[in-house]
Each structure stands twice: as structure tokens, then as C-alpha cells.
Amino acid sequence: MEFESRVKKAIKAIPRGQVATYSQIASLAGDYKAARQVARVLHASSDKDRLPWHRVINSRGGISLPRGRGFEQQRRLLKREGVAVEASGRIDLNVYLWEPAPAPSRAAREFVRRLMGED
DNA sequence: CCTATGACAGACA
DNA sequence: GTGTCTGCCATAG
């Protein structure tokens, strides 16, 4: 249940107005090959989890839910927060894909420290 | 131990 | 662009 909770945490971290892919979430949860598990978690999750599930899309930049079984709702929720979704369900990843800020590397911290002239 | 499931992804024709 | 095939692996039963 460790992996599953990390998946949920990662999904909750997706900012409003942006999207993340299944495999992206899997990677953040610690297993880059576990995209299908992310799908499984979402499929099984009930609304009490309060997950921004609609911000998770597939690697082709599309809504994976079939029409009539969630597609329309996901599209509506995304549009509501400013994400442009084509009628086909496609979303421009170059615009909306979430790029989590990486933790600064040691080298980066060192660089800043020197810039600021701390000793 | 099995087998089945899953809102996936990448490679290929 | 489509369609097919294969690998993937945590869970549930």
C-alpha cells in the first residue's frame, strides 16, 4: 500500500491548470514502469480521496477515459481550470504538462551560495 | 502458488 | 494519422 499512497500524493501535487501523465506520476511515486498501476489506483479510487484525478492524462496528451464513461466530465473539469481540451480529448503537453521543480542539486546550492557571497 | 485486471507506453507496420 | 503487439507490475481473489 506504500506505492499506492505515494501515487495519490503525487497526484495531489499536480497544480491547477496543469496536467501530468500516468507514467510521470508513476515515476514520481518511485517506479517509472508502473503507469498501469497508476491507472489501476485511479480506477479503484473513490471520490473520498479528493484526488484531482482529471489532471492525469496519457502520454499522447489525451484523455484516456472512454466517451460516455468519464471523458466528458474530465474534459469539463479541465476546461473549468483553464486547460484547453480539443473535442478529440487532446491537450497540448507543451503548454500544460506539469514540470515539477527539481530539488536544487548540491552544485546549484553551492553556486547560489557563492553568488550571494556567503562564507 | 496461480490467474485476471487495469483510465498505460513504446515500438513497429 | 491507425491498428496491433508486447512488456509492464501492484493488487485482488
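Predicted model, so just to flag it, every value in this text is computed and none were measured. Chain identifiers are assigned alphabetically (A, B, ...) following the order of the sequence lines, protein sequences preceding nucleic acid strands; residue numbering begins at 1 within each chain.
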### Query
For atom C1', what is the distance between C/dG13 and B/dA7, given to the nearest Å?
22 Å

### Task
Please determine if a side-chain N or O atom of A/Ser59 lies less than 4.0 Å away from the OP1 or OP2 oxygen of B/dG10.
yes

### Message
What is the separation between atom CZ on A/Arg6 and atom P on C/dC9, rounded to the nearest whole Å?
### Response
15 Å

### Mate of B/dA7 where both pairing distances stay under 3.5 Å, Watson-Crick or G-U
none

#### Entry: Verdict with supporting geometry, A/Tyr22 and A/Ser64, side chain to side chain contact (heavy atoms under 4.5 Å, CB included)
CA-CA 10 Å; A/Tyr22 294 90; A/Ser64 285; 3.7 Å; yes

### Query
Between B/dA7 atom P and A/Arg67 atom CZ, what is the distance in whole Å?
17 Å

### Message
By nearest atom, which of the nucleotides B/dC8, C/dC9, B/dA7 is closest to the A/Ala35 side chain?
### Response
B/dC8

### Task
For the side chain of A/Arg90, starting at C-beta, report the closest nucleotide among B/dC8, C/dG1, C/dA10.
C/dG1

### Task
Nearest whole angstrom, please: distance from the P of C/dA10 to the OH of A/Tyr32.
12 Å

### Task
Tell me whether A/Trp98 is reachable from A/Tyr32 by hopping between hydrophobic residues (I, L, V, M, F, W, Y) whose side-chain heavy atoms are closer than 4.5 Å.
no

### Query
What is the distance, rounded to the nearest whole Å, between atom CG of A/Asp31 and atom P of B/dC8?
16 Å

## Note on the structure
Of A/Arg60 and A/Ser45, the one whose nearest nucleotide on DNA chain B sits closer to the 5' end is A/Ser45

### Task
Using modelled atom types only, decide if a donor and an acceptor are shared between the side chain of A/Arg75 and the backbone of A/Glu86 within a distance under 3.5 Å.
yes

### Message
Between A/Arg36 and A/Arg40, which residue's closest nucleotide on DNA chain C lies nearer the 5′ terminus?
### Response
A/Arg36

### Task
Check whether any side-chain heavy atom of A/Val56 lies under 4.5 Å from a side-chain heavy atom of A/Ile14, and answer yes or no.
yes

### Query
Is there a donor and acceptor pair closer than 3.5 Å between the side chain of A/Tyr22 and the base of B/dA7?
yes

### Message
When you compare the side chain of A/Glu99 with that of A/Gln18, does any pair of heavy atoms fall below 4.5 Å?
### Response
no

#### Entry: Residue A/Glu4, side-chain atoms from C-beta onward, closest of C/dC8, C/dT11, B/dA9
C/dT11

### Query
If only side-chain N and O atoms of A/Ser23 are considered, is one of them under 4.0 Å from the OP1 or OP2 phosphate oxygen of B/dA9?
yes

### Query
Reckon A/Arg69 touches a base, only the sugar-phosphate, or nothing at all at heavy-atom distances under 4.0 Å?
nothing

### Query
For A/Ile25 and C/dC8, what is the distance between atoms CD1 and P respectively, to the nearest whole Å?
22 Å

### Task
Report the distance from atom CG of A/Leu93 to atom C1' of B/dA9, rounded to the nearest whole Å.
13 Å

### Message
In this structure, how many angstroms lie between the C1' atom of C/dA10 and the CZ atom of A/Phe3, rounded?
### Response
7 Å

